[in-house]
Amino acid sequence: MKKESSGQGDDALHPKNHLFRFLRYLIPYKGSIILAMVCALVVSVCDLGPIQILADTLNSLKLLENFSQSSEPRTIRFFYIENIFEGYEITLTDAGDAIRFFFWIFIGAVSLVFVKGFFVFGNDFLMERVGNKFSFRVRNDLYEKLVSAPLGILSENQSGDVMARTTDDVRMLQQAVAATALIMRAIIKVVVFGAVLLYKNVYMTIFSMLVLPIVAYSISRIGARVRKASMEIQQSSSDIYSQLKETLDGINIIKSFTAEKTEMERFQTVTSSQYDSAIRRAKFASLLPPLIEWMAAIGITTVLGLGCWNVIEGSLDIGWFVGYIAIVGLMYKPIKTIGSVNNVLQQSLASADRIFPLLDLERELGSQPDGKRELPNVQGTVQFQNVSFAYQERPVIKNVSFKVEPGEITALVGPSGSGKTTLLNLLLKFYTVESGTILIDDFPVDEVTLTSLRQNIALVPQGTFLFDGTVLENIGYGSPGATRESIIAAAEKANAHGFISEMPNGYDTPIGEAGGNLSGGEQQRISIARAILKDAPILILDEATSALDTQSEAIIQKSLTNLMEGRTSFIIAHRLSTVMRADNILVIDDGEIVESGNHTKLLEKDGLYNKLCQQQIFG
């Protein structure tokens, strides 16, 4: 079998690489990210400002003790940074002068809070916008990959799983991007605060940070377990989506077999699994905050002891003794934030492990031009030459050859599962043949673009699918340039104009999800009108009347007669009345053509076709 590539590159095989792929996705937004980092830096400086003011205020108050009882002016210094900035000397003449000065200093400190708030807003908004742009781009890329992927690969994935990856997992990544605003501020704050501490006192800083390796190790270990539990939760979400879709699609069957209790037990099994994983993740995530609190207590206690010693030795003044302890205390808060946000990041990386394999899906062969030609002026000659195909290593089509001339009607009959639908799926290139060649007007389909191939083939499937829109939109689907007049003309040929005209808003009436507001026969006629409007030279009818009653079938048959006129038509037949009108009948059994000819000749052979006619069964 010629397997369709899964499209999962080396990155898909190594989940750790998904982090780097995630970061590469953010490159287009580097301008906003850099600006957000500048905002975070300003926020950190604004946090340092009040500490500097506090330290200078305490040192100044020490000089201003009993100032109200003195007539001598006193000089204080603010914003002094050793070896960098001499600060400002302020001479105060009396106590009133001192009170006014400190009033304005405190106004300045409050102003810093307002400035900080402005830049916090900027940091949060910028990263939130990046997160939304990121999710917008990833969802669109995912959808493009899904609609462009080979049908064989898509059929291997549960629809609920695909939906969960496109919605929940992308949302988790979006939240992670937005959460980087917090982690960005936290990291910059730790770096800035750490630099200030080192500048003030190297030894005290080293001792206060001895616990950081333990904290980092704990964040890493707990993060890995959170990520594993998150992967299990996301997979359970996929299972929930899949079962919900099955339940809604098959609710009639469930109720008719009174299987509500069975389905509820199935659903509870899935949700219980998700609950267990969620509790396990919550347990790991809840371990980190108290652990960081304990480490912070050890660090602050160490600084307190060393600070007292430095004050006694005269190498540290009272103001910066308090300021130093304040900085250390404030520095552990962003470390705690890093730990908490890391849990969110690990959850998002678990989602990335599920998203990127979908983004690695390759397009269908022939979807890109790559030197392939357009299929020109199709007359409708179709030829299969020794075509074979296997699905999951199981032979389905075996060395099939036949030729259909333009305008001929060819019926495919045979037992259920004999390969009739698969054979025509190969013509549409939903699957790629393993060996042999399929030609349209002497052009191998492997050498033409998929777009030009499928534009020349109209499909009316057994399971009619209509979109949640108006009648007009559904008939015009696939023919974007069609006028309202041409759509109405197609509906008339499909015998659909009558019931459409009786609808509340005529052609502008919504038909509901999957055409739920229409009967089976009405849905089928709209599907036929859609095929008529496409006006393709080749037509495929996949048991288009098999699910209809006799009265509805009679109406549909008239529509099909109009549809097949002048077209090369393939009919996967279910009823004898349809088969008898075919110019040629291919009898397929176990992937092989065992008989061919018209109705009369095949009856004379007394073979499989004769047997199927007697049973009135055609798969």
Side-chain angles (χ1 to χ4, degrees), residues 8 11-12 14-29 32-33 36 124-146 157-184 186 219-220 222-242 244 270-271 273-286 288 337-361:
Q8 296 183 12
D11 284 348
H14 303 286
K16 289 184 179 179
N17 291 339
H18 293 160
L19 172 61
F20 301 103
R21 294 186 64 183
F22 170 56
L23 294 175
R24 286 202 299 270
Y25 245 92
L26 297 176
I27 289 176
Y29 318 116
S32 294
I33 294 173
D124 286 341
F125 175 75
L126 286 168
M127 292 312 300
E128 191 71 41
R129 188 175 67 173
V130 168
N132 280 282
K133 285 184 175 181
F134 170 84
S135 65
F136 173 81
R137 181 182 169 201
V138 171
R139 278 204 182 96
N140 287 341
D141 287 352
L142 274 174
Y143 191 80
E144 181 187 1
K145 285 289 186 178
L146 289 173
N157 292 275
Q158 288 185 324
S159 56
D161 181 54
V162 173
M163 290 168 62
R165 295 185 192 213
T166 310
T167 53
D168 290 353
D169 287 308
V170 173
R171 184 168 60 250
M172 284 302 305
L173 282 180
Q174 177 186 345
Q175 291 175 356
V177 174
T180 54
L182 290 174
I183 204 167
M184 187 184 294
I219 291 174
S220 175
I222 291 174
R225 299 194 177 191
V226 167
R227 181 174 180 176
K228 182 180 178 182
S230 296
M231 178 68 84
E232 294 171 359
I233 291 171
Q234 294 303 102
Q235 185 55 54
S236 295
S237 294
S238 297
D239 295 338
I240 289 172
Y241 271 105
S242 295
L244 278 173
V270 176
T271 53
S273 174
Q274 187 183 56
Y275 171 81
D276 292 340
S277 299
I279 291 298
R280 190 161 62 255
R281 184 177 71 183
K283 179 179 69 176
F284 293 138
S286 300
L288 200 55
T337 299
I338 292 172
S340 300
V341 175
N342 181 64
N343 292 333
V344 176
L345 291 177
Q346 293 303 324
Q347 294 172 37
S348 69
L349 288 177
S351 293
D353 292 344
R354 288 163 45 79
I355 287 173
F356 283 115
L358 281 185
L359 287 172
D360 288 332
L361 293 177

So how far is it from [X] [atom1] to [Y] [atom2], rounded to the nearest 0.5 Å?
| X | Y | atom1 | atom2 | value |
| --- | --- | --- | --- | --- |
| Asp353 | Lys228 | CG | NZ | 13.5 Å |
| Ile33 | Arg129 | CD1 | CZ | 11.0 Å |
| Leu142 | Thr167 | CG | OG1 | 10.0 Å |
| Thr166 | Arg354 | OG1 | CZ | 9.5 Å |
| Asp141 | Tyr25 | CG | OH | 3.5 Å |

Identify the heavy atoms of [X] and [Y] that sit nearest to each other, and give their distance.
| X | Y | value |
| --- | --- | --- |
| Leu173 | Ala352 | CD2-CB, 4.1 Å |
| Ser236 | Gln274 | CB-CB, 3.5 Å |
| Ser277 | Ala229 | O-CB, 3.9 Å |
| Arg139 | Val170 | CG-CG1, 3.6 Å |
| Asp169 | Ser351 | OD1-OG, 3.0 Å |
| Arg165 | Pro357 | NH1-CB, 4.4 Å |

Residue pair Pro28 / Arg137, side-chain heavy-atom distance below 4.5 Å: yes

Contacts of type salt bridge (charged side-chain N to carboxylate O under 4.0 Å, His left out), residue Arg281, not counting sequence neighbours: none

Set of residues satisfying salt bridge (charged side-chain N to carboxylate O under 4.0 Å, His left out) with respect to Arg171, sequence neighbours excluded: Asp168

Under the side chain to side chain donor-acceptor pair (under 3.5 Å) test, residues paired with [X] that sit two or more places apart:
| X | value |
| --- | --- |
| Glu144 | Arg363 |
| Ser135 | Gln174 |
| Arg280 | Glu232 |
| Asp276 | none |

Worked verdict on Lys133 versus Val177 for side-chain contact (heavy atoms from CB on, under 4.5 Å): CA-CA 10 Å; Lys133 285 184 175 181; Val177 174; over 6 Å; no

Which residues share a ring-ring contact (aromatic ring centres under 6.0 Å, His included) with Tyr29, sequence neighbours left out: none

Partners meeting ring-ring contact (aromatic ring centres under 6.0 Å, His included) with Phe125 (sequence neighbours left out): Phe121

Lys283: side chain to side chain contact (heavy atoms under 4.5 Å, CB included) partners, not counting sequence neighbours: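 Checked Lys283 against side chain to side chain contact (heavy atoms under 4.5 Å, CB included); zero matches.
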
Partner set under side chain to side chain contact (heavy atoms under 4.5 Å, CB included) for Val270, not counting sequence neighbours: Asp239, Ile240, Gln243

